[in-house]
Amino acid sequence: MNSNYNPKLIEEKVQEKWNKENRYVSKIDDREKYYCLSMFPYPSGKLHMGHVRNYTIGDVISRYKRMKNFNVFQPMGWDAFGLPAENAAIANNVSPKDWTNQNIENMKAQLKSLGLSYDWSKELRTCDSKYYKWEQLIFKRFYDAGLVYRKKSIVNWDPVDETVLANEQVIDGRGWRSGAKIENKEIDQWFIKITNYADELLDSLDSLDWPDNVKTMQKNWIGKSKGAEIKYKIENSDDFLTTFSTRPDTIFGVSFLAISPSHHLAIELSNNNKEIKKFLEECKEIKTAEADIVKADKFGIDTGLSVIHPLSGKKLPVWIGNFVLLEYGTGVVMGVPAHDVRDFEFASKYDLEIKQVIETENNELPILEEGKVINSENFNGLMSDEATKKIIDRLEELKLGEKLIQFRLRDWGVSRQRYWGCPIPVVYKNGEPSVLDEKEIPVELPELDKDSPPIPLSQNKEFLKIRDDIARESDTFDTFMDSSWYYARFTSADNDKNIFDENTKYWLPVDLYIGGIEHAILHLLYSRFFHKALRDIGLVEGDEPFKRLLTQGMVLKDGAKMSKSKGNTVDPQSYIEKYGADTVRLYMMFTSHPEQSLEWSESSVEGASRFLKKIWKLINGKKYNRLSSRFDFTKEELSLRRKSHATLKKVENDYEVRFSFNTAIAAIMELLNFIPDEYKNENSLDSQKYCLDEAILFILQMLSPIAPHICEYLWDSFYEDGPSIECSWPEISETLLEIEEFELIVQVNGKVRGKVNINKGSEQKEIENIALNIENVKNYINDSEVKKVIYVKNKLVNFVI
RNA sequence: GCCGAAGUGGUGGAAUUGGUAGACACGCUAGCUUGAGGGGCUAGUGAGUGAAAACUCGUGCGGGUUCAAGUCCCGCCUUCGGCACCA
C-alpha cells in the first residue's frame with residue numbers, strides 16, 4: 001500500500017459513495033436542527049473564486065455540525081433572473097432562458113466536483129414559474145395587506161434606445177450601448193412599504209448574532225432621526241413649503257430654502273420661466289445614483305419666490321438646488337450656511353447670507369456641533385438641546401411646525417422595465433391597475449422567438465394585450481424580490497401545492513447565513529423586511545430570517561477584486577482538476593480569515609497540496625491498533641497526547657466560535673509536525689503507537705470538514721468497521737490539558753529580558769526571586785531600586801526601575 | 001460626499017481579554033537524497049550590530065495614554081465594500 005495520493009480517484013470514489021447513500025438529503029428528526037445557508041449564486045456561467053470560498057465556508061460548518069450530531073440542512077439554488085442574461089442573449093444570440101439553464105448545468109457540475117454536501121432535492125431556480133408563482137402570490141397578499149402602492153419615480157432614460165438603463169449601464173452620463181446622453185425620466189412604478197417596518201427593522205437588530213459592522217451599516221441606512229417639520233408660508237400665496245430639520249436650534253440661521261428639481265413647485269415654475277426650464281433640463285443629466293448626485297457640483301437657481309420665516313417673520317429666498325433629493329424628507333431643505341457644510345458651500349457660491357447662531361469653542365464656520373444659541377431673539381443663551389425643545393414648542397403653538405421622527409429609509413421601488421424577470425401580476429382595465437387574484441396567478445413570462453432579442457415586455461404586444469380594454473402590466477420585479485424569500489422556500493421547494501409546509505416550520509430560521517459583505521445592506525434588509533411581512537400575513541413564524549451571519553471578504557488578485565473587466569480572474573476549475581477539491585478547499589480556508597479579503601496566491605496552493613500529501617503518506621496503509629490507554633506514558637508521549645487534545649480544543653473553538661479556519665488548519669499542521677519520527681516506525685512501542693493512533697484519528701476528524709474526501713477515505717481504511725467519520729467527533733480530556741509548568745516572561749521596564757520555566761503552583765515572591773536571579777535580568781537591574789513589580793499570573797513579571 | 005472595513009517580514013497571514021510581534025505556510029539560501037528534472041528530507045531566514053551572549057530598531061503616517069500598545073484615544077494617508085436599477 002505505497003500508492004501516491006491521487007485526489008481525482010479518491011474524490012470520485014468518495015463522492016459516489018455519498019450519492020449512493022443519499023447522504024445529504026435532510027429530513028425532520030429528533031436531533032437539534034441546523035439550517036446552514038450560503039447565498040445562492042447568480043448563474044453567470046462559471047464558478048469564480050468568491051463562490052468557491054463562500055460555499056466552502058458553508059460546507060465546512062455544515063460538516064462540522066453534522067459531526068457534532070446536528071440535523072443539518074444545506075440547500076442550494078439559483079438567483080436566475082437578472083440583467084446579464086439579457087446582455088448575453090443580445091451578444092450571443094441565445095435566449096436568456098437557454099443561456100441561464102446552460103449556465104446552471106455547468107455550475108452545478110462544478111459545485112458537485114467540490115464535494116459540497118448540499119441537499120439537491122430542494123434545489124430551486126428563481127426563473128422557474130414553480131418558484132415565481134409564489135412570489136406573485138406574496139405580492140398579491142402584500143397588496144391586500146396595504147403594503148403595495150403606485151408612485152412616480154425617476155429612472156435613467158436612454159432617449160436613443162428608448163429603454164430604461166440600470167445605474168451600471170450609465171457611463172459618464174451616457175448610455176453604454178447608444179452613447180446617448182441619459183435623461184432623468186419620471187414614470188409610474190410599484191412600491192412596497194418597507195418604511196412601515198422601519199422601527200422594527202431597527203429595533204430587532206439587537207436580537208441578531210450578526211457582525212457589529214453590518215448592524216451599524218443597517219442602522220445608519222435606516223437612519224432614524226429626531227427633528228421637526230417646519231412650515232414656511234409662501235409669500236403672496238396660501239401655500240406652504242414644508243421642511244424637515246434635525247437641528248431646529250439653528251432655525252434663526254436659515255437664510256434660504258432649496259427645493260428639489262423634481263419638486264412639483266419647481267416643475268410648475270419651469271412652465272413660465274425659460275431659465276428655470278433650462279436649469280431643470282440640466283439637472284436631468286445627472287445619474288439617479290446618490291453617489292453621483294452628491295459628487296456633482298452643487299448648483300442652483302433663484303426661483304424669485306420668497307417665504308416667510310416662521311419665527312422671525314423675515315423674507316427668505318427660495319432656490320432650486322440640484323443636490324436636494326425629492327425622495328428624502330419633503331424634498332425641501334432649509335439652508336443654514338453657518339452650520340452645514342453643503343449649505344455653506346452653496347451660500348458662498350451664490351452670495352447668500354451666512355448667519356452664525358451657534359457658538360462653540362471652535363470659531364471656524366461652518367460649526368457643525370451643538371453649542372450655545374446666539375443671534376436667535378429670545379432663545380439666546382440656551383444650549384442646543386434645550387433650544388430645540390423650546391423652538392419646537394413655539395412652532396407648535398404657531399401651528400407652523402411639529403416634532404417629527406424621520407427615517408432615511410425609503411420605500412422599495414420594485415418595478416423594472418425589462419424582460420428577464422418575474423412578471424408583476426397586474427392588469428390594467430382602461431388604464432386602471434388591478435392586482436390579479438390568486439386564481440389568475442401565475443402570469444408566466446412569455447417565451448421568446450428563437451432569433452428575437454430580449455425586448456422589454458412593454459414591447460411584447462402579444463403578451464400585453466388581453467382584450468381591447470385590458471392590458472397586462474409590462475414591468476417585472478426587481479431581482480431583489482426573488483432573493484428576499486428564497487431562504488424560506490428552500491424548506492418546501494419540492495412542494496407544488498403549498499408555498500410553505502411543516503418543513504418550513506421545522507427548519508426556519510436560518511441558523512447561519514454566509515455571503516459577501518457587499519450584501520450587508522440591501523439584500524439583507526429586504527430579506528428581513530420580507531420575513532416580518534410574511535409573518536404578519538401568517539406565512540412564516542419568528543421575527544428574523546437569519547439568526548447568525550457570516551460576511552466573507554472579497555477574493556483579490558494583485559490587490560484588486562477579481563473581475564472579468566480587470567482580466568485578473570482565476571478559474572477554480574483548473575485547480576480542482578490539477579490538485580483536487582480537497583486541496584482547493586484547504587487552500588481557500590487556510591489563506592485568510594473568512595471575513596477578511598483573500599489574496600490569491602498560486603504557490604500557496606502547492607503548500608496546501610503538500611500538506612495533504614504528508615497526511616496521506618503518514619496514514620495510508622496504516623491500521624488502527626485499538627490499544628487501551630492503560631500505559632504509564634513517558635513525558636514525551638504525554639506531551640504528544642496533550643498536543644492532540646490541546647489542538648482539538650483550539651480547533652473546536654475556531655470552528656464554532658471564531659469561524660477561524662486558517663488558525664484551525666495551522667494548529668492541525670502543528671500537531672502533525674509535532675509527532676516524533678520514531679513513533680511512525682512499525683517497531684515503535686505500543687505506548688507510542690497509542691499516542692500516534694490518537695493523533696491520527698484526531699487529525700482526520702478535525703480536518704474532515706475542510707478536506708472531506710481524503711479524510712473519509714483514509715478513515716475508512718485506517719479504522720475498518722469503525723463508525724462513519726461523519727458521525728463522530730473526539731472527546732477532549734481536560735485532565736490531560738492541565739500542565740504543571742509554564743514559561744514566565746520576565747520584563748524590565750516593559751522589555752523582555754528573560755524567560756524561565758516555573759511550576760504553576762508557585763508563590764509570587766518565589767517567582768520574583770527566580771526572575772531576579774536570571775543573569776540578563778540582573779545586568780539590567782544592577783543596583784537600581786525596583787520601584788514596582790507587575791505580576792500577571794501564569795504569564796509574566798515586569799520589574800519597573 | 002456619507003456609511004462600514006482594512007493596512008503587520010520578500011509573500012499569504014498569526015497574535016482570541018492591553019502582556020513574548022511574526023504562529024502556520026509560501027518563497028528564498030545552504031546541505032543531503034536522485035542519472036537529470038521533479039519530488040522528498042535537514043538546517044537557516046524581519047532589518048541592523050556582533051565570533052557569540054546579547055543589543056538596537058520594527059506592525060501605513062504623526063501625536064497621546066500606560067509599568068506594558070499591532071491591540072486603547074486624537075489627527076491624517078492609502079486601499080477596498082455599500083450608497084437604493086450589478087447581483
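Residue numbers start from 1 in every chain, and the chains themselves are labelled A, B, ... in the order their sequence lines are given, proteins ahead of strands. No hydrogens, no waters, no symmetry mates; every other heavy atom, side chains included, goes into these values.
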Where is the tightest heavy-atom contact between [X] and [Y], given as atom of each residue plus distance?
| X | Y | answer |
| --- | --- | --- |
| A:R410 | A:I194 | O-CG2, 3.3 Å |
| A:C127 | A:T100 | SG-CG2, 4.4 Å |
| A:F299 | A:K349 | CB-NZ, 3.9 Å |

Report the nucleotide, chosen from [options], that has the shortest atom-to-atom distance to any side-chain atom of [X].
| X | options | result |
| --- | --- | --- |
| A:M669 | B:A25, B:A5, B:G1 | B:A25 |
| A:K755 | B:U20, B:C67, B:G1 | B:U20 |
| A:A666 | B:C24, B:G1, B:C85 | B:C24 |
| A:N798 | B:A68, B:U20, B:G4 | B:A68 |
| A:A166 | B:U20, B:A84, B:C85 | B:C85 |
| A:N167 | B:G4, B:C86, B:G19 | B:C86 |
| A:K795 | B:C83, B:G81, B:G19 | B:G19 |

Task: Check: A:S415 main-chain N/O paired with A:D478 side-chain donor or acceptor under 3.5 Å - done: no
Task: Donor-acceptor pair, side chain of A:N156 and main chain of A:V164, under 3.5 angstrom - done: no
Open item on the list: Between the base of B:C67 and the side chain of A:Q747, is one N or O donor paired with an acceptor at under 3.5 angstrom?
Closed with: no
May I ask you to say what [X] touches in the nucleic acid, namely base, sugar-phosphate or nothing, with a heavy-atom cut-off under 4.0 Å?
| X | value |
| --- | --- |
| A:A667 | nothing |
| A:S415 | base |
| A:F799 | nothing |
| A:V341 | nothing |
| A:V657 | nothing |
| A:A520 | nothing |
| A:V294 | base |
| A:W221 | base |
| A:M554 | sugar-phosphate |
| A:H523 | nothing |
| A:Q189 | base |
| A:L525 | nothing |

Task: Lys/Arg cation over aromatic A:Y5: A:K613, 6.0 Å, 45° cone - done: no
TODO: Any chance you could encode RNA chain B as dot-bracket? Rule is Watson-Crick or G-U wobble with both distances under 3.5 Å; [ ] for pairs crossing earlier ones, | for another strand.
DONE: (((((((..(((......[....)))(((((((.....)))))))((((....))))..(((((..]....))))))))))))....
- [ ] Please measure how far the C1' atom in B:U78 lies from the corresponding atom in B:G62, and state the result in whole Å.
- [x] 15 Å
Open item on the list: Strictly below 4.0 Å: does A:K788 bring a side-chain N or O up to OP1 or OP2 of B:C67?
Closed with: yes
- [ ] Answer yes or no: does a side-chain N or O of A:R410 lie under 4.0 Å from OP1 or OP2 of B:A84?
- [x] no
Open item on the list: Just so I know, are the side chains of A:F661 and A:F590 near enough to count as touching, which here means a heavy-atom distance under 4.5 Å?
Closed with: no
Open item on the list: I want to know whether A:Y487 and A:Y513 have ring centres closer than 6.0 Å.
Closed with: no
Task: A:F323/A:F346 aromatic ring centres below 6.0 Å - done: yes
Task: NZ/NE/NH1/NH2 to OD/OE distance under 4.0 Å, A:D292 and A:K295 - done: no
Open item on the list: Tell me if the CG atom of A:N782 is crowded by more than 12 foreign heavy atoms within 6.0 Å.
Closed with: yes
TODO: Grab the CG-P distance between A:N213 and B:C2 for me, whole Å please.
DONE: 19 Å
TODO: At under 4.0 Å between heavy atoms, which parts of nucleotides 33-56 of chain B does protein reach? Answer with one letter per nucleotide, 5' to 3': B base, S sugar-phosphate only, - none.
DONE: -------S-------------SSS
Task: Per-nucleotide protein contact string for nucleotides 6-18 of chain B (B base, S sugar-phosphate only, - none; heavy atom under 4.0 Å) - done: ------BSSSB--
